[in-house]
Amino acid sequence: LEGCAVRLDDTVVFANFFDPVRVSEIQVQPPAFEHLTRSDLLNGVEFSTSRGCKRACVFCAHIHGKKVRLTKTEAVRKDLESASRVLNSIAQKENRPIKLYLNLNDDDLFQFPERAFELLGILKETGFKIWGIQTSLEGLSDQVLRNEIFDLFTTEALFVENRVLLWIGTDTFIDERLKRLGKSGNQELITQIVDDIDRFGIKGYH
């Protein structure tokens with residue numbers, strides 16, 4: 001493939017040995033989202049703003065690594081604005097009502113709470129609604145922050161059909177197993193979190 005270069009551990013393979021791709025020649029362009037289709041309009045767009053997790057649970061394969069890579073929030077805004085334009089165009093061509101649904105694939109959105117709140121604000125501004133949010137018990141462990149998060153969920157229409165849904169990495173509910181798996185917290189904290197989820201009327205998948 002012309003212009004393609006593959007880097008292995010200690011080897012770089014070029015499509016053409018006599019015409020290697022030089023880094024200075026690569027111009028990074030923002031995605032145009034022209035690949036979106038009618039299916040994305042009906043079911044939503046798969047979207048990630050970060051990869052990696054700073055936590056140290058012993059069972060995790062760390063597929064995306066412990067080093068967290070974060071997309072700048074302004075770049076997220078531009079991406080969602082671009083996706084919105086494409087989906088609106090599809091809706092007009094097919095004479096369908098526009099539905100801006102997003103499946104947010106971040107490993108744990110509330111690893112960085114301030115950034116998470118900024119991203120949720122961008123979703124509101126660009127008109128997108130999310131199916132749910134992936135997080136962890138650690139991400140919800142602070143009582144003040146948890147109340148702030150849950151208050152936001154119940155006052156802002158952020159979720160599809162206003163159905164607040166959290167996918168929570170709950171691998172245990174007892175202290176002994178928490179310790180063995182390298183997870184923070186204790187049984188009392190878990191009980192508090194689950195009670196708050198119930199009190200706020202939030203749907204939680206564990």
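Model, not experiment: these values are computed from the prediction. For the numbers below, each heavy atom of this structure counts, side chains included, while hydrogens, waters and symmetry mates do not.
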Short side-chain donor-acceptor distance under 3.5 Å, Gln143 and Asn147: yes
Pair Ser48, Asp106: side-chain N/O donor-acceptor within cut-off below 3.5 Å: no
Charged N-O contact under 4.0 Å between Glu94 and Arg96: yes
Thr49 side chain to Arg115 side chain, donor-acceptor N/O pair below 3.5 angstrom: yes
Within 45° cone of Phe112 ring axis and under 6.0 Å: Lys54 NZ or CZ: yes
Residues Val160, Ile130; criterion side-chain contact (heavy atoms from CB on, under 4.5 Å); working and verdict: CA-CA 6 Å; Val160 174; Ile130 49 179; over 6 Å; no
Geometric class of the Phe153/Phe110 ring pair [parallel <30°, tilted 30-60°, perpendicular >60°]: tilted
Polar contact flag, side-chain donor to acceptor under 3.5 angstrom, Glu46-Asn105: yes
Check ion pair Glu161-Lys129 (N to O, under 4.0 angstrom): no
Modelled atom types, side-chain donor and acceptor of Asp195 and Thr191, under 3.5 Å: no
Closest contact, heavy atoms only, Leu145 versus Asp142: N-OD1, 2.8 Å
With Glu74, the salt bridge (Lys or Arg N to Asp or Glu O under 4.0 Å) member among Arg77, Lys78, Lys72: Arg77
